[in-house]
Amino acid sequence: MTKLYSFPIVELHLHLYGAIRFETLLDLSRKRGLPMGNATTVAELKDLLVTDTPKNLAAVLRAFEIFLPVVKDDFEAIERVAYELCEDQAKEGVIYFEGRYSPHRLLNDDSPHTAREVVEAVTRGLRRGKADFGVDSRQILVMICGLPQYNWELLELVETCQELGVVGIDVAGSAKGADEKYEDSVVEVFQAAYKKGLHRTAHAGEAGGAREVVNALNEMHAERIGHGYRILRDEAAYRNHFLEERRAHLEACPYSSVMTGAVPPEWTEHPVRRWAEDGADFSISRDDPTCFDNSIESEMELAHTNIGLTIHQLWQAQLNAAKASFAEEPLKSEVIAKVKATEPAK
Ligand SMILES: [Zn+2]
């Protein structure tokens, strides 16, 4: 089958350690003597990790507890994962992506290492990836709901690691399952990031409701919302924040959205369709390919064939992503120009 599209891809919502090759996990598991269940083949590992029927976010996030130990505290492994991601992205037609992660979740509790060393290892991998495969990338550091002890250190890392390619801060729920009722310190860190002029995106409206999206915008000054689907439960808030005044950017992950139970499994009713029809500012990403076994091509196919977006709307999502990216100049303008040059017929 020929590919649906011929324009370059910009991916904003991708969890770095949710985008590890299955082969690499098996290899690291063997090398370190850390088993992942009884899985010894890719097929068995996929059986263990991949969600392919609609569940809830907490169920999807459980996979991380199974495979994260094989990368934790191993800087060679962390660098390798970042490097291989660039190779995979190049094959998918991605020209720019933002990889997000919690550096603290890549360290064991008794680790002798620092979160900054994690960021440095990721940076080495991404820089080698850029050199070998030509893919540009930047990093977003993520606070984890339930691990508030790291929040202020994370803000400091975002501020001090800009020369390493860190461009923003995020918050996601996973330490205690899925939760968007973020701790006070999360809100305070976002407010501090806003005052310091650091870029901000927040997971909201995925496991929580419209109120959490509005809080992320109003209280936390988020510029982008990770997921945000459930803003549609409050029509007035949706119109106000996404069509009229501020027009915040929505990072949609279509396949993930149904697998996590964030939206019902009725593709033609999917929020992305409404957003496209309304001309809202949204992009399309994969979230966690290690948990969903999805590709850029499968997301585009889904958005086109099942959800009903036109090829031009798929392209528009790439342009939206380029414009909403946290990349610095001149990179940002270069990415925008590359996408603009490939506009398909309407
Ligand atoms: Zn996410």
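Just so it is clear, the structure is predicted and the values come from calculations on it, not from any experiment. Any value given below was found using the heavy atoms of this structure, including those in side chains, with hydrogens, waters and symmetry copies removed.
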Verify, without hydrogens or angle tests, whether [X] (side chain) and [Y] (backbone) share a donor-acceptor contact under 3.5 angstrom.
X      : Y      : answer
Glu269 : Glu266 : no
Gln162 : Glu159 : yes
Ser298 : Ser295 : yes
Thr24  : Ile20  : no
Glu92  : Gln89  : no
Ser29  : Leu34  : yes
Asn108 : Asp110 : no
Thr342 : Val339 : yes
Asp288 : Thr290 : no

Original post:
Does the pair Val171 and Met220 meet the rule for a side-chain contact (heavy atoms from CB on, under 4.5 Å), with working shown?
Top reply: CA-CA 11 Å; Val171 60; Met220 293 156 66; 3.8 Å; yes
Is the shortest side-chain N to carboxylate O distance from [X] to [Y] below 4.0 Å?
X      : Y      : value
Asp287 : Arg100 : no
Arg273 : Glu277 : yes
Arg21  : Glu87  : yes
Glu297 : Lys3   : no
Glu84  : Arg80  : yes
Arg230 : Glu206 : no
Glu328 : Lys332 : no

May I have the list of side-chain donor-acceptor pairs in residues 147-156 shorter than 3.5 Å, sequence neighbours left out?
unit_1 : atom_1 : unit_2 : atom_2 : d
Asn151 : ND2    : Ser185 : OG     : 2.8
Glu153 : OE1    : His104 : NE2    : 3.1

Original post:
What is the distance from atom CG of Asn56 to atom CG of Leu61, rounded to the nearest 0.5 Å?
Top reply: 9.0 Å
Subject >> Heavy atoms of other groups near Phe64 CZ, more than 12 under 6.0 Å >> reply: yes
Original post:
Would you say Glu23 has more than 12 foreign heavy atoms packed within less than 6.0 Å of its CD?
Top reply: yes
Original post:
Can you list the steps and then say if Asp136 with Lys130 is a side-chain contact (heavy atoms from CB on, under 4.5 Å)?
Top reply: CA-CA 6 Å; Asp136 281 298; Lys130 162 72 179 167; 3.2 Å; yes
Original post:
Step by step, would you call Gln191 with His221 a side-chain contact (heavy atoms from CB on, under 4.5 Å)?
Top reply: CA-CA 7 Å; Gln191 289 168 348; His221 306 282; 4.2 Å; yes
What I want to check is whether the side chains of [X] and [Y] have a donor and an acceptor closer together than 3.5 Å.
X      : Y      : answer
Thr201 : Glu251 : yes
Asp278 : Tyr238 : yes
Glu98  : Gln139 : no
Ser283 : Asn320 : no
His270 : Ser257 : yes
Thr40  : Glu44  : yes
Glu117 : Thr114 : yes

**OP:** Kindly determine whether Glu334 and Lys338 satisfy salt bridge (Lys or Arg N to Asp or Glu O under 4.0 Å), including the steps that lead there.
**Re:** CA-CA 6 Å; Glu334 287 163 15; Lys338 281 181 194 165; 5.7 Å; no
Nearest heavy-atom pair of [X] and [Y]: which atoms, and what distance?
X      : Y      : result
Leu157 : Pro103 : CD1-CG, 4.1 Å
Arg224 : Ala324 : NH1-O, 2.9 Å
Ser102 : Ile144 : CB-CG1, 3.6 Å

Original post:
ring-ring contact (aromatic ring centres under 6.0 Å, His included): which pairs involve residues 325-346, sequence neighbours left out?
Top reply: His199-Phe326
**OP:** With side-chain contact (heavy atoms from CB on, under 4.5 Å) as the test, would you mind laying out the steps for Thr260 and Lys55 before giving the verdict?
**Re:** CA-CA 5 Å; Thr260 59; Lys55 293 214 172 79; over 6 Å; no
Check whether any side-chain heavy atom of [X] lies under 4.5 Å from a side-chain heavy atom of [Y], and answer yes or no.
X      : Y      : result
Tyr255 : Asp52  : yes
Glu343 : Trp315 : yes
Ile296 : Tyr5   : yes
Ser285 : Leu14  : no
Cys145 : Val186 : no
Ile78  : Leu106 : yes
Leu49  : Leu25  : yes
Phe97  : Leu12  : no

Original post:
Just checking, Arg128 and Tyr83: is the charged tip under 6.0 Å from the six-membered ring centre and within 45° of the axis?
Top reply: yes
Answer with yes or no whether the hydrophobic clustering places [X] together with [Y]; edges join I, L, V, M, F, W, Y residues whose side-chain heavy atoms lie under 4.5 Å apart.
X      : Y      : value
Phe22  : Met259 : yes
Ile225 : Leu198 : yes
Phe7   : Tyr96  : yes
Tyr194 : Val214 : no
Leu232 : Val213 : yes

Subject >> Verdict with reasoning, Asn215 to Tyr182, per side chain to side chain donor-acceptor pair (under 3.5 Å) >> reply: CA-CA 10 Å; Asn215 284 350; Tyr182 297 126; over 6 Å; no
**OP:** Name the orientation class of the two ring planes belonging to Tyr229 and Trp275 (parallel below 30°, tilted from 30 to 60°, perpendicular beyond 60°).
**Re:** parallel
Subject >> Non-neighbouring partners of His113 that pass ring-ring contact (aromatic ring centres under 6.0 Å, His included), sequence neighbours left out >> reply: Phe75
**OP:** For a side-chain contact (heavy atoms from CB on, under 4.5 Å) with Ile169, tell me which candidate from Ile140, Val189, Leu141 qualifies.
**Re:** Val189
Subject >> Partner of Gln318 under side-chain contact (heavy atoms from CB on, under 4.5 Å), chosen from Glu11, Lys323, Met300 >> reply: Met300
**OP:** Kindly indicate, with the supporting measurements, whether the criterion ring-ring contact (aromatic ring centres under 6.0 Å, His included) is fulfilled by His15 and His203.
**Re:** CA-CA 12 Å; His15 293 268; His203 281 71; 5.2 Å; yes
